[in-house]
Amino acid sequence: MHAVISPVRIDIYKASALPNEKWESLLNELKAEHVPGSTPIGKRMAAAVNADGGMTAFIYRTSDLRDDEIVKILQQYGISTD
């Protein structure tokens, strides 16, 4: 898995490699919240299935976490950022 961190959101490519039970923990650590119009109702992230069957997750930045803090959190879940 690989993440791209932008000022607005975190895009995680090949996100289906992360077990479902880990998503809630990751979203909690990133302090993710529902973003009306960008994430499905009641959800804290959006996802898209790619043509190759892989999944890309989109987590909108709703807290004041710095990029370096986000990198450390993602690394704990085996997600690279470089």
For residues Phe58 and Leu30: do they belong to one hydrophobic cluster (side chain heavy atoms under 4.5 Å, members Ile, Leu, Val, Met, Phe, Trp, Tyr)? no
Could you give the distance from OG1 (Thr81) to CD1 (Ile5), rounded to the nearest 0.5 Å? 5.5 Å
Would you check, one step at a time, whether the test side chain to side chain contact (heavy atoms under 4.5 Å, CB included) holds for Ile70 with Arg66? CA-CA 6 Å; Ile70 292 171; Arg66 297 184 322 265; over 6 Å; no
Assess the residue pair Trp23 and Met45 against the criterion (side chain to side chain contact (heavy atoms under 4.5 Å, CB included)); give the C-alpha distance rounded to whole Å, side-chain angles, the decisive distance to 0.1 Å, and a yes or no. CA-CA 10 Å; Trp23 280 109; Met45 71 174 199; 3.8 Å; yes
Stepwise side chain to side chain contact (heavy atoms under 4.5 Å, CB included) check, Leu18 with Met1: CA-CA 8 Å; Leu18 187 64; Met1 288 179 293; 3.8 Å; yes
State whether a side-chain donor-acceptor pair under 3.5 Å links Glu29 with Tyr77. yes
Which other residues end up in the same hydrophobic cluster as Val4, if Ile, Leu, Val, Met, Phe, Trp and Tyr are linked when side-chain heavy atoms come under 4.5 Å apart? Tyr13
Return the NE2 to NZ distance between His2 and Lys14, rounded to the nearest 0.5 Å. 10.5 Å
Lys/Arg N to Asp/Glu carboxylate O, Glu69 vs Lys72, below 4.0 Å: no
Any side-chain to backbone donor/acceptor pair from Thr56 onto Asp11? Under 3.5 Å, distance only. no
When you compare the side chain of Arg61 with that of Ile10, does any pair of heavy atoms fall below 4.5 Å? yes
Is His34 reaching over with its side chain to a backbone N or O of Ile41, donor-acceptor style, under 3.5 angstrom? no
Would you say Asp68 has more than 12 foreign heavy atoms packed within less than 6.0 Å of its CG? yes
Taking the side chain as everything from C-beta on, heavy atoms only, tell me whether Asn28 gets closer than 4.5 Å to Arg44. yes
Going by heavy atoms in the side chains, are Leu74 and Leu26 under 4.5 Å from each other? yes
Taking only residues two or more places apart in sequence or in another chain, which ones pass side-chain hydrogen bond (donor to acceptor under 3.5 Å, both in side chains) with Ser16? none
Is there a path from Leu65 to Tyr60 through hydrophobic residues (I, L, V, M, F, W, Y) whose side chains come within less than 4.5 Å of each other? no
Is Asp52 reaching over with its side chain to a backbone N or O of Gly54, donor-acceptor style, under 3.5 angstrom? yes
Side chain of Thr39, backbone of Ala46: donor and acceptor closer than 3.5 Å? no
Would you say Thr62's side chain and Lys31's backbone share a donor-acceptor pair under 3.5 angstrom? yes
Could you state the interatomic distance from CZ (Arg9) to OG (Ser38), rounded to the nearest 0.5 Å? 8.5 Å
